[in-house]
Amino acid sequence: MKTKIFLFAPLISIPLLYSCEALAPQEPEEYELLDGPVENLNQAESIRFIEGDKAFNDQIFTIETGLGPIFTGTSCVSCHAGDGKGHPFVSFTRFGQDLPGINNFLDQGAPQLQNRAIPGYKPEILPSGAPHAEFLAPIVTGLGFLDAVSDEDLLAMADPDDLDGDGISGRVHWNDRPDYVKDRPGTISKNGKYITRFGKKANVYDLLHQTADAYNQDIGINSYYEPYDTYSGDKVQPEIDRKTINDVVFYLKTLKAPIPRNQDNPEVVAGKALFENTQCTACHKPTLRTSYSPITAISYQEFHPYTDMLLHDMGPELDDGYTEGYALSSEWRTAPLWGIGLSKDSQGGEYYLMHDGRARSIEEAILLHGGEAENAKNKYQNLSQQEKSQLIKFIESL
Amino acid sequence: MMKIYTSNYFKIGLYLLIFFYMETALAQEEKSGIEQSVQESQLNMDAVFSRPSLSFEKVPVALGGYLEANTMHRIEEGITDGLSFQARRLTIFLAASISERIKFLTEIEFEDGGKEIAIEFAALDVAFHPMFNFRGGIVMNPIGAFNENHDGPKWEFVERPDVAVNMLAATQSNAGFGVYGKTYSGNWIFGYEAYLTNGFNSKIISNEEDKTYLPAYKDGDNLFEENFSGKAMFSGKLAIKNRKIGELGLSYMGGAYNKFEEDGLSVEDKARVNVFAIDWNTSIQATNTYIVGEAAFVKVETPESYTPQYGNKQHGFFIDVVQAVYKNKIFEWEDATFNLAARFDYVDWNVGKFKETDTNIGDQLLAVTPGISFRPTPKTVFRINYRYQWQKDIINNPAERAATWYMGFSSYF
């Protein structure tokens with residue numbers, strides 16, 4: 001009898017084991033995560049997304065694989081954990097330029113300070129008297145949608161001379177771009193300048209420009225696109241192949257847009273109305289539309305980033321005396337607000353908001369607004385405590 | 001998503017430990033094969049020579065080894081790659097008595113289906129006196145207990161302890177020489193080991209784990225041919241055991257890990273790694289409970305201007321509690337034993353705070369593994385484990401959770 005029991009025990013243990021999957025951690029809801037692809041990628045696009053995902057999230061650069069010798073981070077994911085915003089331990093010091101179009105410190109390592117070095121090397125030190133600002137890495141989800149907005153649409157939102165008299169005078173950034181980027185469909189140029197749209201100062205033309213520059217400036221990885229070593233200044237052999245860079249660009253283009261949460265919550269609904277009433281939507285445009293994209297899933301889509309991608313004067317509080325391209329030091333690109341409620345999950349459970357993480361709460365970030373946003377900030381300050389709470393809950397729901 | 005914060009790890013581990021111990025204390029009084037081995041006169045340092053083996057009449061050679069295989073089903077945050085079958089390792093021992101006081105033993109391990117073949121041990125031992133024996137060749141560095149006593153059939157868990165294999169570098173062996181000895185007095189046994197060997201290399205702070213990771217040194221070239229730093233690494237251990245209580249070991253390993261001079265030129269500042277470990281095992285005879293564990297502390301000098309991804313302090317521990325619950329004749333096996341077991345793993349690969357925010361650096365792992373094992377004989381173990389782990393990234397974002405089922409066996413042959 002005992003023998004039969006012991007024969008029976010292993011047989012029942014197998015189904016028992018697999019019926020216990022309920023004990024395993026359940027998959028988080030899609031709206032709880034920033035990462036993941038846009039819907040409706042075809043199979044070939046999904047394969048490419050996975051390739052880019054591996055390069056972005058799994059590829060760690062070491063001394064042997066080309067890290068540095070001076071750098072700020074060791075991988076893409078070290079600055080964009082979970083595809084979210086960066087943590088202050090990997091902030092970027094940008095320096096050398098206080099006036100549009102002129103950086104006087106290019107021969108001293110500008111525009112980015114590589115503040116770390118592999119053993120045996122010395123990191124860069126900020127030159128005395130150099131204008132500078134600290135930047136935190138932005139959230140990277142939904143970038144493909146922002147990339148696919150036409151120049152024409154950006155120009156339509158701009159009002160550089162404030163002709164409508166609402167106190168908001170956003171402008172596109174007419175800027176130089178590297179030779180290796182290609183025109184996006186419908187690109188518009190003026191006097192040899194192009195509209196650049198990514199980065200805190202809207203200084204970057206497209207995601208290839210951003211990716212190649214980040215590999216070079218952040219990790220010290222030279223490529224076909226950015227072949228100059230940040231330490232020696234010499235043109236050197238690529239340390240990463242073009243396919244990998246282009247896979248990462250594809251990955252960034254096809255990351256889903258953050259999914260809003262709790263949209264039926266009465267507090268959130270009330271907060272959304274207040275967001276409009278306080279004129280926040282004048283810059284944080286709720287809805288944009290993509291134009292044609294070779295990626296069908298992104299083409300001609302309406303989406304909700306809460307940005308206009310234009311430069312705005314944000315007043316003296318946020319003027320660090322440093323700028324890029326042809327922006328003024330007081331001008332900043334409107335930060336997309338989508339995904340802000342999930343940013344704590346990529347910043348170690350804390351908020352580090354605004355370009356350098358100086359705001360430790362959403363309210364603190366609102367109160368740092370000035371310049372063109374002064375009126376909106378004042379309207380926020382005049383709200384009751386309950387209304388302020390509702391407005392913040394709405395922002396956190398994005 | 002579930003959040004486990006650093007300060008809670010120890011508390012949770014402690015509560016689970018107390019709970020498990022209270023439960024197991026009520027179990028029946030029977031002796032497991034493992035417990036019996038504790039009562040023998042051997043220390044962990046003897047494990048390399050205290051393995052079952054086949055010997056042949058009039059031939060001074062003994063042959064042995066063990067095989068480990070298992071199924072694994074892992075689910076990480078709801079995502080699974082399905083069921084895998086793993087033949088983790090096949091290890092072969094070959095021992096030879098060359099003369100009365102000279103013996104040789106080697107341990108060759110085939111891992112990952114033969115993709116990795118490692119000589120884990122290959123040493124010549126010369127016995128001058130019980131307190132003074134010479135050992136040279138490829139020796140196991142005596143750091144902690146698991147590194148020297150790692151044979152699969154001795155453990156109730158498919159996975160090896162995280163602190164031993166993912167913070168320390170078990171199984172860690174290097175080319176070198178040293179001495180060891182042992183003495184007895186009543187129930188007390190005292191042993192020591194001291195070796196000079198090749199050391200670590202700079203891969204411990206430049207690797208694809210993106211963390212200070214001692215096991216990464218194994219990816220270096222010519223490990224048994226060349227000492228990367230050019231400076232010998234010292235490793236040593238003191239162990240004391242009372243046959244009625246258990247064993248306690250204190251060990252240290254340290255030396256330079258980087259190539260700070262090349263062609264007579266200084267190319268880097270000299271940097272050291274220091275590792276301290278404490279290990280223990282005991283059996284509570286009243287409840288027939290066996291407890292084994294190890295804690296380790298690592299200090300690695302890293303350049304001030306290097307990335308904080310690579311921490312300069314690490315610590316971690318594991319503790320196994322094994323409770324024999326049934327021992328009797330089953331089929332034709334006399335004294336076949338069923339055990340309940342639980343393991344607690346904790347590793348912090350980067351102890352400290354970010355200077356930018358004064359907040360704790362993450363990079364921690366906590367795991368709890370309950371299990372059931374069946375030993376038809378002490379040489380063979382069938383085991384079912386369920387491991388649940390929480391792992392945090394360097395920034396201390398919400399822990400990634402993973403659950404893994406294992407079913408497998410490990411057996412000497």
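In what follows, chains are A, B, ... by sequence order, proteins preceding strands, each numbered from 1.
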Tell me, side chain or backbone of A/Asp58 under 4.5 Å from chain B's heavy atoms, or both, or neither? neither
Which portion of A/Tyr352 sits near chain B, non-hydrogen atoms under 4.5 angstrom: side chain
Can you confirm if the NZ or CZ of B/Lys259 lies within 45° of the ring axis of B/Phe228 and under 6.0 Å from the centre of its six-membered ring?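 Yes; both conditions hold, so B/Lys259 lies above the ring face of B/Phe228.
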If you count heavy atoms of other groups shown closer than 6.0 angstrom to CG of B/Asp269, is the number above 12? no
Check this for me: B/Lys299, atom NZ, are more than 12 non-hydrogen atoms of other residues, nucleotides or ligands nearer than 6.0 Å?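 12 or below, so no.
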If the condition is salt bridge (charged side-chain N to carboxylate O under 4.0 Å, His left out), which residues does B/Glu76 pass it with, not counting sequence neighbours?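 Here the qualifying residues are B/Arg74.
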Quick one: which residues of residues 45-57 of chain A reach chain B at under 4.5 angstrom, heavy atoms only? none
Identify the residues of residues 83-92 of chain A whose heavy atoms come closer than 4.5 Å to a heavy atom of chain B, ordered by number, or report 'none'.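 From residues 83-92 of chain A, the residues near chain B are A/His87, A/Pro88, A/Phe89.
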By side chain to side chain contact (heavy atoms under 4.5 Å, CB included), which residues pair with A/Pro123, not counting sequence neighbours?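 For A/Pro123 the side chain to side chain contact (heavy atoms under 4.5 Å, CB included) partners, ignoring immediate neighbours, are A/Ala117, B/Ser305.
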Is it the case that A/Glu396 and A/Tyr351 place a side-chain donor and acceptor less than 3.5 Å from each other? yes
Toward chain A, the part of [X] with a non-hydrogen atom under 4.5 Å:
X: B/Lys203; result: side chain
X: B/Asn207; result: backbone
X: B/Ala402; result: backbone
X: B/Phe354; result: side chain
X: B/Ile372; result: neither
X: B/Thr404; result: neither

So which residue, [options], ends up with the most heavy-atom pairs under 4.5 Å with chain B?
options: A/Lys344, A/Glu29, A/Gln347; value: A/Gln347
options: A/Ser346, A/Ser75, A/Gly120; value: A/Ser346
options: A/Ile63, A/Ile60, A/Asn115; value: A/Ile60

Can you tell me how far the OG atom of A/Ser78 sits from the CZ atom of A/Phe71, to the nearest 0.5 Å? 9.0 Å
Who among B/Ser202, B/Ser206, B/Pro303 has the most heavy-atom pairs with chain A under 4.5 Å? B/Ser206
Using the six-membered ring wherever Trp is involved, compare the ring planes of B/Tyr386 and B/Trp405 and label them parallel, tilted or perpendicular (cut-offs 30° and 60°).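 Judged by the thresholds at 30° and 60°, the geometry between B/Tyr386 and B/Trp405 is tilted.
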Do the side chains of [X] and [Y] get close enough for a salt bridge, i.e. N-O under 4.0 angstrom?
X: A/Glu39; Y: A/Lys256; value: no
X: B/Asp162; Y: B/Arg343; value: no
X: A/Asp241; Y: A/Lys243; value: no
X: B/Glu400; Y: B/Lys392; value: no

Is the backbone N or O of B/Asp335 less than 3.5 Å from a side-chain atom of B/Thr337, with the two atoms forming a donor-acceptor pair by type?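 Yes; at least one donor-acceptor contact below 3.5 Å.
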Examine distances only and state if a side-chain atom of B/Asn339 and a backbone atom of B/Glu156 form a donor-acceptor pair shorter than 3.5 Å.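 Not confirmed, B/Asn339 side chain does not pair with B/Glu156 backbone.
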Ring-ring centroid check B/Tyr257 B/Phe200, cutoff 6.0 Å: no
